[in-house]
Amino acid sequence: MMMGLLAFENNQGLWNGGYYSQFFGIGGVMVTVAILWLSTGYFGGIGAPFAPYFWPYLGQVPKKKERQRPVRVYMDGCFDLMHYGHANALRQAKLLGDQLVVGVVSDEEIVANKGPPVLSMEERLTLVSGLKWVDEVIPNAPYEITEEFMNTLFSKYNIDYIIHGDDPCLLPDGTDAYALAKKAGRYKQIRRTEGVSSTDIVGRILQTFKHKEGVNENAGVKSCDQMKTQLSNFLPTSRRIMQFSNGQAPSPGARVVYIDGAFDLFHAGHVEILRSARQLGDFLLVGVHDDQSIREKRGYPPIMHLHERTLGVLACRYVDEVIIGAPLEVSRDMVCYKFL
Ligand code: CTP
């Protein structure tokens with residue numbers, strides 16, 4: 001695990017002693033957290049026999065600024081092995097309304113529609129709740145937008161639009177999981193982020209370990225580099241980093257807390273430690289180690305490269321600023337760093 005920690009003002013360690021277990025032997029810590037504030041009652045209010053939302057929906061929902069009440073949008077998903085593609089989908093969804101409600105699909109529904117998830121419901125809830133664009137979370141959401149569930153979204157959660165990426169989302173029988181929302185005129189689409197998917201990440205993990213087992217002392221580092229280049233299609237643009245950033249410096253006299261690490265395969269343990277770190281001050285600065293340093297320390301490269309890991313950290317609601325490619329050791333210069 002590569003996670004160092006420092007509170008600038010008191011050098012106090014932040015590790016809070018929760019239950020952490022090794023995740024595939026890589027990428028640091030994992031924690032299971034009970035999210036007590038989450039609503040579990042989405043099955044309430046079901047069953048309107050007559051469905052007025054199927055009447056043509058000819059733009060009755062005015063634009064954000066013209067409305068008396070906030071525009072509420074809903075996006076669902078499995079959010080397994082959470083990555084910056086998921087975060088970017090939720091960021092775009094939030095821009096289509098004022099409040100974003102996220103349905104996290106149940107383990108059973110994922111098994112029935114896609115095959116078993118890697119992460120548990122609790123872990124996926126922690127990850128989704130930790131994103132800066134998410135206002136509310138509905139656990140154990142269904143995979144398909146059924147009439148019953150759509151009615152619940154409209155009547156109980158006051159949802160105006162249901163949103164999904166522009167990739168087809170098909171049920172095992174080949175039908176569209178969002179067909180009813182589309183028919184009701186309450187569906188909106190965002191652009192899927194190229195270059196990353198949960199399947200791709202599982203592939204990278206398998207490749208890394210396949211490679212690690214077969215590595216020999218002479219060929220190791222070179223092959224790792226080649227493998228990384230082949231697997232990642234991500235283009236790190238400055239615009240994307242800006243979209244994920246808060247863009248704010250600490251206010252004068254603010255207590256700045258610094259924490260660093262690899263933050264590879266951003267997971268529930270990372271959310272928890274960042275939350276704990278943020279509670280120690282007014283501004284959380286996170287150092288993300290570069291790929292080379294991680295490879296030298298571990299003997300194999302990170303699964304996600306530096307810019308991907310940076311986006312994962314920036315998407316977390318507890319993070320204010322990131323040092324992209326932070327040194328492994330905290331230097332005097334860093335401690336004296338003045339934010340401009
Ligand atoms: N999504 C996206 N870009 C990606 C991956 C997912 O915009 N690279 C969007 C999906 O379109 C969906 C939401 O994120 O609206 C949740 O996706 P999810 O149900 O978790 O799974 P998949 O679409 O299958 O994506 P993945 O295989 O990466 O989990």
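Given the structure is predicted, the values throughout are model-derived calculations rather than measurements.
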Quiz prompt | Intermediate values then yes/no, salt bridge (charged side-chain N to carboxylate O under 4.0 Å, His left out), Asp98 and Arg72 | solution = CA-CA 6 Å; Asp98 303 302; Arg72 285 168 64 83; over 6 Å; no
With sequence neighbours excluded, give me every ring-ring contact (aromatic ring centres under 6.0 Å, His included) pair touching [range].
| range | value |
| --- | --- |
| residues 95-119 | none |
| residues 85-111 | Phe79-His86, His83-His86 |
| residues 108-131 | none |

Who pairs with [X] by side chain to side chain contact (heavy atoms under 4.5 Å, CB included), at least two apart in sequence or on another chain?
| X | answer |
| --- | --- |
| Asp290 | Gln292, Ser293, Leu306 |
| Ala93 | Met75, Leu100, Ile163 |
| Thr175 | Leu171, Asp173 |
| Ser331 | Asp333, Met334 |

Should [X] and [Y] be counted in the same cluster of Ile, Leu, Val, Met, Phe, Trp and Tyr side chains packed under 4.5 Å apart?
| X | Y | result |
| --- | --- | --- |
| Leu127 | Val105 | no |
| Leu170 | Leu180 | no |
| Phe266 | Val202 | yes |

Quick one: [atom1] on [X] to [atom2] on [Y], what's the gap to the nearest 0.5 Å?
| X | Y | atom1 | atom2 | value |
| --- | --- | --- | --- | --- |
| Ser276 | Leu284 | OG | CG | 10.5 Å |
| Glu147 | Thr152 | CD | OG1 | 10.5 Å |
| His307 | Asp291 | NE2 | CG | 9.0 Å |
| Leu95 | Gln243 | CG | CD | 8.5 Å |
| Ile190 | Asn88 | CD1 | CG | 7.5 Å |
| Ile259 | Leu285 | CD1 | CG | 10.5 Å |

According to side-chain hydrogen bond (donor to acceptor under 3.5 Å, both in side chains), who are the partners of [X], at least two apart in sequence or on a separate chain?
| X | answer |
| --- | --- |
| Asn246 | Lys132 |
| Asp167 | Arg192 |
| Tyr318 | none |

Please report the shortest heavy-atom distance between [X] and [Y], naming the atom on each side.
| X | Y | answer |
| --- | --- | --- |
| Gly185 | Tyr161 | O-CE2, 4.3 Å |
| Val319 | Val313 | CG2-O, 3.4 Å |
| Ala262 | Arg298 | CB-NH2, 4.1 Å |
| Glu308 | Tyr84 | OE2-OH, 3.1 Å |
| Asp107 | Leu119 | OD1-O, 4.3 Å |
| Glu144 | Ala177 | CG-O, 3.8 Å |

Quiz item: Linking Ile, Leu, Val, Met, Phe, Trp and Tyr through side-chain heavy atoms less than 4.5 Å apart, which residues share a cluster with Met242?
Solution: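 For Met242, no cluster forms, as it stays isolated from other hydrophobic side chains.
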Hey, are [Y] and [X] close enough side-chain-wise for a donor-acceptor pair under 3.5 Å?
| X | Y | value |
| --- | --- | --- |
| Asp76 | Tyr178 | yes |
| Asp80 | Ser198 | no |
| Arg191 | Gln92 | no |

Using a 3.5 Å distance criterion without hydrogens, assess whether the side chain of [X] forms a donor-acceptor pair with backbone atoms of [Y].
| X | Y | answer |
| --- | --- | --- |
| Arg278 | Gly281 | yes |
| Asp282 | Arg255 | yes |
| Asp264 | Ile303 | yes |
| Arg124 | Leu81 | no |
| Arg240 | Leu311 | no |

Using distance only, find each side-chain donor-acceptor pair of residues 109-117 under 3.5 Å and give its atom names and separation, not counting sequence neighbours.
unit_1 : atom_1 : unit_2 : atom_2 : d
Glu109 : OE1    : Tyr143 : N      : 2.7
Asn113 : ND2    : Glu109 : O      : 2.8

Note, [X] side chain near [Y] side chain (heavy atom, < 4.5 Å):
| X | Y | answer |
| --- | --- | --- |
| Gln248 | Asp320 | no |
| Val73 | Ile159 | no |
| Val101 | Asp135 | no |

Practice problem: Please step through salt bridge (charged side-chain N to carboxylate O under 4.0 Å, His left out) for the pair Asp200 and Arg204, ending with a clear verdict. | Solution: CA-CA 6 Å; Asp200 157 61; Arg204 295 192 206 187; 3.1 Å; yes
Exercise. Could you check Phe154 against Tyr74 for side chain to side chain contact (heavy atoms under 4.5 Å, CB included), going step by step and ending with a plain yes or no?
Key: CA-CA 10 Å; Phe154 295 161; Tyr74 173 81; over 6 Å; no
